[in-house]
Amino acid sequence: MPVTLAPAQQAQKSPKLPRPLPPPRRRTRVLALPEARWALAATVAFLLALPFDLGGAPAWAYGPLYAVAYAAGGWEPALEGARALREKVLDVDLLMIVAALGAAAIGQVLDGGLLIVIFATSGALEALATARTADSVRGLLDLAPTTATRVTGECGGSCEGSGSGSGSGEEIVPTAELAVGDVLLIRPGERIGADGSVVEGASEADQASITGEPLPVAKGPGDEVFAGTLNGTGVLRVRVGRDPADSVIARIVTLVEEASRTKAPTQLFIEKVEQRYAVGVVAATLAVFALPLALGASLTDALLRAMTFMIVASPCAVVLATMPPLLSAIANAGRHGVLVKSAVAMERLGEIDVTVFDKTGTLTEGTPEVVAVRPLPGSGLDEGGLLALAAAVEHASEHPLARAVVAAAGARGPHPAPAEDFVATPGEGVRATVAGRVIAVGRAGAYDGAVATPGENGEETPHGENAGHTVVLVRRDGAPVGIIALADRPRPGAAATVAALTDLTGAAPILLTGDNARAAGRVAAATGITDVRAELLPADKADAVRALQQAGGKALFVGDGVNDAPALATAHTGIAMGHAGSDLALETADAVVVHDELTTVPAVVRLSRTARRLVTQNLVIAGVFITGLVLWDLIGHLPLPLGVAGHEGSTVLVGLNGLRLLREGAWRQPSS
C-alpha cells in the first residue's frame, strides 16, 4: 500500500528519506548451484574413502563412501542421459556414467570414482559459467530501484514543471506500478525509477551502465533520462515516458535472454554431428573391447582400455566450444547498448565484408539545424533580426524546419515577438502578422523563383540547394528580406564509424538513401563515404543489397525507418537504430543499437569476430585433446585417471576460454 505524505509533512520528512546506494553487482555463488552442491558431496565422499582404499582397509570400510560419491555425482547426468535415450538421443553424459560403472564393475572403483568426481566438478563449473553469463545481463535489473517517489496533489502526475509548493505531495510506490505520464521526484544520489524526460530541475546523470558514457551527462527540462541511471547533485522532476516493463534496461534483458535460447549455425552443426559421433564412439568402444579380447587379452585389461577410450573420445569439449563465447559476446554487447537478438545473429555479424548505411536518422541525426542566415540587401536586418522575425512566425508551427528555426533564434537572443493571424499552407509555408507587418516563411522554390539561390545577385554559394541544404525564404509584406539555410547534421562519430568499418571489412561502406543526390553527397563527404546511391525507393535499397550479396558479398545494413525494413531483411545481417527507429525496422533487424551510438556498430562487429575466433580456438583445443588421448589409449597405455583428467580438463578449458568475452576489455579490443 503506498505511503502518502501530507504536504505539511513533506518539508520535514523528505530530507530524512535515505538515499539508496548503488546496488552491488549480483554474482551467483558457487554453492547456490545444485550442480556444485552435488559435486561437493561427491568429492568429500571420495576423499574420505581414498585413505581407506589406499591403506588396504576392507571394502566394507570405504565401499559405502564410494557409493555416496557415485550416487551424488552421477545421479543427475544418469537421469538426463536416460531421458535423452528415451527420445532416441545418445547423450555424452550417459557415456561418462557407463564408463564409470564399467570401471567399477572390473574392480577399478577408485578410477571410476575419480571420473565421477571430475565429471561432476566439470558440470558444476559449466553451470557456474552459464550462471555468470546470465548474471552479467540480469544484473542490469538490479540497477533499477524497486520504489520511486511519485508527485501527487492538485496537479497529480500531469503538471508541467510543478514546484514543491503546498499544491503537491509525494507518495512512495513500487516502480512496477508507475504509468506513463506520472511525474517522479528524483533527489540527489537517487537512481531514476523509469525512462522519461525531465520537466523541472537541473542535475547530471551517471549513464555509464546504459550508454557507456564515462562522464555524467547534464540534464535539464526536455532531456531524456533512463531507469537505473544515477542522479547527481540536483533535484529533478521526471515525467515517465515508458512503461517500466518496456524500459531500456528491461528491453536489454529480455532480448539478450531470448538470444541466449537460440543456437548458432556452428552449434547446430555440432549437435547434428554429435549424435552420429556418439553412436560411432559406442561402436568403436565395443571394437576396442572385443578385438584385444579376441587376441588373448584379459577381460579386465580389455574392458579398462575400452572404458578409457569411451571417456577420452567423448565430445564434451566440442559440444561446449560454441555457445559460451557467443552468449558471452551477446551479454557484453547488451551491457553496451547493442541488443543482438540471437546467437545466429552474433555469429553472422563477424562474417560481414561490406557495410551499407541509410542516411537520414542513421548516419545523420534526422533533425535539421540552421547552418546559415543571409539577410538580403536593403532589408535593414542583420542575421539575428532575420532569424527572430522568422522564429516569430514559425513558433506556432510543428514542422521540423520550424522547430529548427525557433531553436536557433532562442540560442541567439530573447524570445521572438508575438505573432497574430497565423496561417499554414501545406507545400508553401507559413505566414503571420508580426508588429503590424505580414511575414511569410516558406521554401524558396515555392515563390516562383523570386530568389533562386541563397547568394546575392544569383551567384552560387556553399549554402544553396545545390549544396544539399534546405533553403527557406523570409518575406515581409510580400518582399523577400532574407534566406535561412538548414541541413541535417551527421551524428557524432559517424566519420569514425565509417573509417573503423572500412578497416574491419577491407571495403568502404556504401550509402543508400531516398533523399536527393545533393543532400546525400554532402553527408557522404562529411563521413568519408565515396559510393553514394540516392533517390532510391525502399525496393531499390533492397535490390542494391541483394546485388551486393549475389556478387559474393555479405552485407551489413544499418537503418532506422520503415523504408529500411526490406533492406534490413535482405541483408546478411541488419542493425537498426533503436532510439527513433520504426517498430518494423526494430522487429526486422538482427540487432538494435539502443541509443543510436554509431560507434557501437564496429565495436559489435569486432566482438563477433573475436567470438568466432574463440569458437575456432575451442574446437582446435577440443580436437587436439581428443585426438591425442585417443591415440595414446590405442597405441600405448593411457591410465584411466589421466584420461579422465585430460578429457574433463579440456572441457573446463574451452568453457573458461569462451567466458573471456564477458570482460570489459573484450568490447574495446581491436580485431586481429
Please confirm whether the backbone N or O of Phe226 pairs with a side-chain atom of Asp195, one donor and one acceptor, at under 3.5 Å?
no

Lys341 (side chain) donor-acceptor with Ala589 (main chain) under 3.5 angstrom
yes

Between Gln549 and His572 (side chain of the first, backbone of the second, donor and acceptor by atom type, cut-off under 3.5 Å), is there such a pair?
yes

Nearest 0.5 Å, please: how far is OG1 in Thr300 from CG in Leu304?
8.5 Å

Counterpart residues, ring-ring contact (aromatic ring centres under 6.0 Å, His included), relative to Phe309 (two or more places apart):
none

Just distance, no hydrogens or angles: give the donor-acceptor pairs under 3.5 Å from side chains in residues 285-293, sequence neighbours left out.
{"residue": "Thr285", "atom": "OG1", "partner": "Val281", "partner atom": "O", "Å": "2.7"}

Exercise: identify the closest heavy-atom pair between Ala571 and Ala555:
CB-O, 3.6 Å

Any chance you could measure Ile575, atom CD1, to Leu598, atom CG, to the nearest 0.5 Å?
10.0 Å

Rounded to the nearest 0.5 Å, what separation is found between the CG atom of Leu504 and the CG atom of Asp353?
12.0 Å

Set of residues satisfying salt bridge (charged side-chain N to carboxylate O under 4.0 Å, His left out) with respect to Arg546, sequence neighbours excluded:
Asp543

Taking all non-hydrogen atoms of both residues into account, name the closest pair between Arg606 and Trp667 and its distance.
NH2-O, 4.5 Å

Residues which pass side chain to side chain contact (heavy atoms under 4.5 Å, CB included) with Ile116, listed by chain and number, not counting sequence neighbours
Tyr70, Ile97, Ala100

Value rounded to 0.5 Å, distance of CD1 in Ile330 from CG in Leu607
9.5 Å

Below 3.5 Å, can you tabulate the donor-acceptor pairs from side chains in residues 616-627 to any protein atom, sequence neighbours excluded?
{"residue": "Thr616", "atom": "OG1", "partner": "Arg612", "partner atom": "O", "Å": "3.1"}
{"residue": "Gln617", "atom": "OE1", "partner": "Asn657", "partner atom": "ND2", "Å": "3.4"}
{"residue": "Asn618", "atom": "OD1", "partner": "Asn657", "partner atom": "ND2", "Å": "2.9"}
{"residue": "Asn618", "atom": "ND2", "partner": "Ala321", "partner atom": "O", "Å": "3.0"}
{"residue": "Asn618", "atom": "ND2", "partner": "Val654", "partner atom": "O", "Å": "3.2"}
{"residue": "Thr627", "atom": "OG1", "partner": "Gly623", "partner atom": "O", "Å": "2.8"}

Could you walk me through whether Val338 and Val592 pass side-chain contact (heavy atoms from CB on, under 4.5 Å), step by step?
CA-CA 6 Å; Val338 181; Val592 177; over 6 Å; no

With a 4.5 Å cut-off on side-chain heavy atoms, are Phe357 and Thr497 touching?
yes

Return the minimal non-hydrogen interatomic distance between Pro509 and Leu501, and the atom names on each side.
CG-CB, 4.3 Å

Rounded to the nearest 0.5 Å, what separation is found between the CG atom of Asn332 and the CG atom of Leu327?
12.5 Å

Using only atom types and a distance under 3.5 Å, with no angle test, would you say the side chain of Arg663 pairs donor to acceptor with the backbone of Arg660?
yes

For the pair Asp633 (side chain) and Thr308 (backbone), establish whether a donor and an acceptor sit closer than 3.5 Å, ignoring hydrogens and angles.
no

Counting N and O atoms only, with roles assigned by atom type, does the side chain of Ser608 sit under 3.5 Å from a partner on the main chain of Val604, one being a donor and the other an acceptor?
no

Shortest non-hydrogen separation from Pro51 to Leu48 and the atoms involved:
CD-O, 3.4 Å

Can any side-chain N or O of Asp590 pair as donor or acceptor with the backbone N or O of Val340 at less than 3.5 Å?
no

Partner residues of Asp301 under the side-chain hydrogen bond (donor to acceptor under 3.5 Å, both in side chains) criterion, sequence neighbours left out
Ser298

To the nearest 0.5 Å, what is the distance between CG on Leu40 and CD on Glu35?
13.5 Å

Are the side chain of Ser328 and the backbone N or O of Pro325 linked by a donor-acceptor pair below 3.5 Å?
no

Less than 4.5 Å apart, any side-chain heavy atom of Glu597 and any of Thr600?
yes

Pairs involving residues 54-64, ordered by first then second residue, that meet side-chain hydrogen bond (donor to acceptor under 3.5 Å, both in side chains) (sequence neighbours left out):
none

Can you check side-chain contact (heavy atoms from CB on, under 4.5 Å) on Met577 and Val558, steps first, answer last?
CA-CA 7 Å; Met577 309 301 284; Val558 187; 4.0 Å; yes

All side chain to side chain contact (heavy atoms under 4.5 Å, CB included) counterparts of Thr505, not counting sequence neighbours:
Ile352, Thr355, Ala507, Arg609

Report the C-alpha distance between Leu50 and Leu110 in whole Å, list the side-chain angles of each, state the deciding distance to 0.1 Å, and finish with yes or no for side-chain contact (heavy atoms from CB on, under 4.5 Å).
CA-CA 8 Å; Leu50 194 59; Leu110 188 153; 3.3 Å; yes

On a heavy-atom basis, which atom in Val68 and which in Ala45 lie closest, and how many Å separate them?
CG1-CB, 3.7 Å

Hey, are the side chains of Thr573 and Phe557 touching, using non-hydrogen atoms and a 4.5 Å cut-off?
no

With a 3.5 Å distance limit and no angle check, can you tell me whether Arg191 reaches the backbone of Ala227 through a side-chain donor-acceptor pair?
no

Show, in sequence, the C-alpha distance, side-chain angles and deciding distance for Arg83 and Glu80, and conclude whether the salt bridge (Lys or Arg N to Asp or Glu O under 4.0 Å) test is met.
CA-CA 5 Å; Arg83 288 173 177 168; Glu80 292 299 322; 3.1 Å; yes

Closest approach of Gly643 to Leu638 (non-hydrogen atoms, all atoms of both residues):
CA-CD2, 3.9 Å

Return the set of residues passing side chain to side chain contact (heavy atoms under 4.5 Å, CB included) with Leu47 (not counting sequence neighbours), or none when no residue passes.
Thr43

Verify side-chain contact (heavy atoms from CB on, under 4.5 Å) between Leu548 and Ile510, making sure each step is shown before the conclusion.
CA-CA 10 Å; Leu548 286 172; Ile510 299 169; 3.8 Å; yes

With Trp38 via ring-ring contact (aromatic ring centres under 6.0 Å, His included) - residues at least two apart
Trp75

